[in-house]
J.: 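If you scroll down you'll find the structure; I have some questions about it.
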2 protein chains.
Amino acid sequence: MPRSTRRRPALAHPEPEQIDLFDVLHALSDPTRMTIVSVLRAEPERVCGTFPVNVAPSTLSHHFKVLREAGLIRQREEGNRRFSALRAVDLEQRFPGLLDSILAAHARTAEEAQEAQEAEEGGGA
Amino acid sequence: MPRSTRRRPALAHPEPEQIDLFDVLHALSDPTRMTIVSVLRAEPERVCGTFPVNVAPSTLSHHFKVLREAGLIRQREEGNRRFSALRAVDLEQRFPGLLDSILAAHARTAEEAQEAQEAEEGGGA
DNA sequence: TACGATGTTCTACGAACATCGAATTTGGTG
DNA sequence: CACCAAATTCGATGTTCGTAGAACATCGTA
């Protein structure tokens with residue numbers, strides 16, 4: 001019996017057909033969580049502590065839990081670290097086109113925010 | 001100066017470019033509001049009190065306000081009644097494909113709920 | 001074994017939210 | 001004018017949410 005694995009309770013992930021639309025929309029209605037998902041779309045996996053967000057570790061842990069229980073990300077443990085990955089395939093199967101259109105909308109919003117910031121720095125300072 | 005119109009303050013609607021993605025997602029993360037939007041997609045306009053939702057009038061009024069301020073619906077007054085319409089064109093311009101994919105996802109969810117109910121009535125009773 | 005790093009759980013708190021009932025405003029109609 | 005209908009605003013209530021600090025668990029390593 002392996003002693004070094006699964007000491008903590010296994011991470012709960014909903015099955016693809018159990019993913020609830022309202023949970024997904026609620027999860028993505030928070031900027032911090034949207035950032036996490038957005039970053040995760042560009043790379044296969046990432047360690048929890050390396051996301052570009054300004055919140056306390058406990059808060060970040062809470063957000064990961066919300067995303068995981070909503071079915072948006074999958075988390076696996078490796079030693080001390082925890083890797084997160086976007087469940088893009090499962091989400092595409094469950095709600096085709098949904099994630100893409102939301103992330104596209106967010107990318108547009110992010111562009112605007114950046115342009116506004118540049119305009120402020122250039123003209124306001 | 002017409003006395004019979006615009007006694008109450010004009011209804012506030014955000015411009016298309018002011019529509020915020022997080023406001024939209026949050027607005028649609030509530031089942032009652034999702035139902036309103038879903039119904040509104042199928043017809044051009046509808047009177048407030050005729051939506052198939054089970055909440056008090058004051059609660060419904062609150063939900064309409066959330067939807068309106070998020071930019072999802074447009075409301076106009078006609079006499080005593082208030083008509084609501086989906087801002088499909090504005091939303092498509094602001095976030096292309098977003099509303100369609102969300103409503104498609106909701107339609108799929110609604111189908112499942114109906115099937116589950118039928119299965120329960122047929123096999124469980 | 002002791003220590004540091006990573007991440008979680010527990011607890012708490014203020015803000016926001018969904019809900020309702022009562023009172024109010026407005027408009028149509030007898 | 002009196003009354004009713006439609007919808008809102010206001011006030012209150014209980015819940016959920018986002019946040020952070022403290023304590024705890026786990027792992028790798030000196």
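In the text below, chain A, chain B and the rest are named by the order of the sequence lines, each starting its count at 1.
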J.: Return the residues of residues 42-66 of chain B meeting this criterion: a heavy atom under 4.0 Å from some atom of DNA chain D. Order them by number, or give none.
T.: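 When residues 42-66 of chain B is checked for heavy atoms under 4.0 Å from DNA chain D, the hits, listed by number, are B:Val47, B:Cys48, B:Gly49, B:Pro57, B:Ser58, B:Ser61.
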J.: Under the side-chain contact (heavy atoms from CB on, under 4.5 Å) test against A:Arg33, which residue among A:Ile73, A:Leu72, A:Val66, A:Leu28 passes?
T.: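 Result: among A:Ile73, A:Leu72, A:Val66, A:Leu28, A:Val66 is the only option passing the side-chain contact (heavy atoms from CB on, under 4.5 Å) with A:Arg33.
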J.: Tell me whether A:Leu67 is reachable from A:Val55 by hopping between hydrophobic residues (I, L, V, M, F, W, Y) whose side-chain heavy atoms are closer than 4.5 Å.
T.: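 Yes: a chain of side-chain contacts under 4.5 Å links A:Val55 to A:Leu67.
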J.: Between P on D:dT8 and CD on B:Glu69, what's the gap in Å once rounded to a whole number?
T.: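 Result: 12 Å.
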J.: For A:Arg81, does the CZ atom sit with more than 12 other heavy atoms under 6.0 Å from it, leaving out its own atoms?
T.: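 No - once you tally the heavy atoms of other residues, nucleotides and ligands closer than 6.0 Å, there are 12 at most.
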J.: Starting at CZ of B:Arg68 and ending at P of D:dT9, how long is that distance when rounded to a whole Å?
T.: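 Taking CZ of B:Arg68 and P of D:dT9, I get 7 Å after rounding.
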J.: Quick one: does NZ or CZ of A:Arg46 land under 6.0 Å from the six-membered ring centre of A:Phe51, within 45 degrees of the ring axis?
T.: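 That pair qualifies as a cation-pi contact.
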J.: Please report the distance, rounded to the nearest Å, between NE2 in A:His26 and C1' in C:dC17.
T.: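 In whole Å, C:dC17 C1' lies 10 Å from A:His26 NE2.
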J.: Please lay out, stage by stage, how A:Arg74 and A:Asp90 fare under the test side-chain contact (heavy atoms from CB on, under 4.5 Å).
T.: CA-CA 10 Å; A:Arg74 188 176 298 280; A:Asp90 291 341; 3.2 Å; yes
J.: Please give, in whole Å, the distance from D:dG18 C1' to A:Arg33 CZ?
T.: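 For the pair A:Arg33 CZ and D:dG18 C1', the rounded distance is 8 Å.
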J.: Take atom CZ of B:Arg81 and atom P of C:dG28, then tell me their distance rounded to the nearest Å.
T.: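 The answer, rounded to whole Å, is 9 Å.
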J.: Can you check the A:Leu67 CG to D:dG18 C1' distance for me, whole Å?
T.: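 Computing the A:Leu67:CG to D:dG18:C1' distance gives 13 Å.
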J.: Between D:dG18, C:dT26, C:dA18, which nucleotide gets closest to the side-chain atoms of B:Asn80?
T.: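 Nearest nucleotide to the side chain: C:dT26.
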J.: Rounded off to whole Å, could you give me the CZ-to-C1' distance for the B:Arg76 and D:dT8 pair?
T.: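 One finds 18 Å between C1' of D:dT8 and CZ of B:Arg76, rounded.
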J.: C:dT9 C1' sits how many Å from A:Leu11 CG, rounded?
T.: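 One finds 13 Å between C1' of C:dT9 and CG of A:Leu11, rounded.
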J.: When the nearest nucleotide of DNA chain D is assigned to A:Asp30 and to A:Glu78 on a heavy-atom basis, which residue is associated with the more 5' position?
T.: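 Looking at DNA chain D, the more 5' nearest nucleotide goes with A:Asp30.
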J.: In terms of side-chain geometry, is the basic nitrogen of B:Arg94 or A:Glu112 positioned less than 4.0 Å from the acidic oxygen of its partner?
T.: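 Between A:Glu112 and B:Arg94 there is a salt bridge, with a charged N closer than 4.0 Å to a carboxylate O.
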J.: So do the side chains of B:Thr59 and B:Thr32 get within less than 4.5 Å of each other, counting heavy atoms only?
T.: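 Not in contact.
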J.: Closer than 4.0 Å, any side-chain N/O of B:Arg82 to the OP1 or OP2 of D:dT8?
T.: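 Indeed, a polar side-chain atom of B:Arg82 lies that close.
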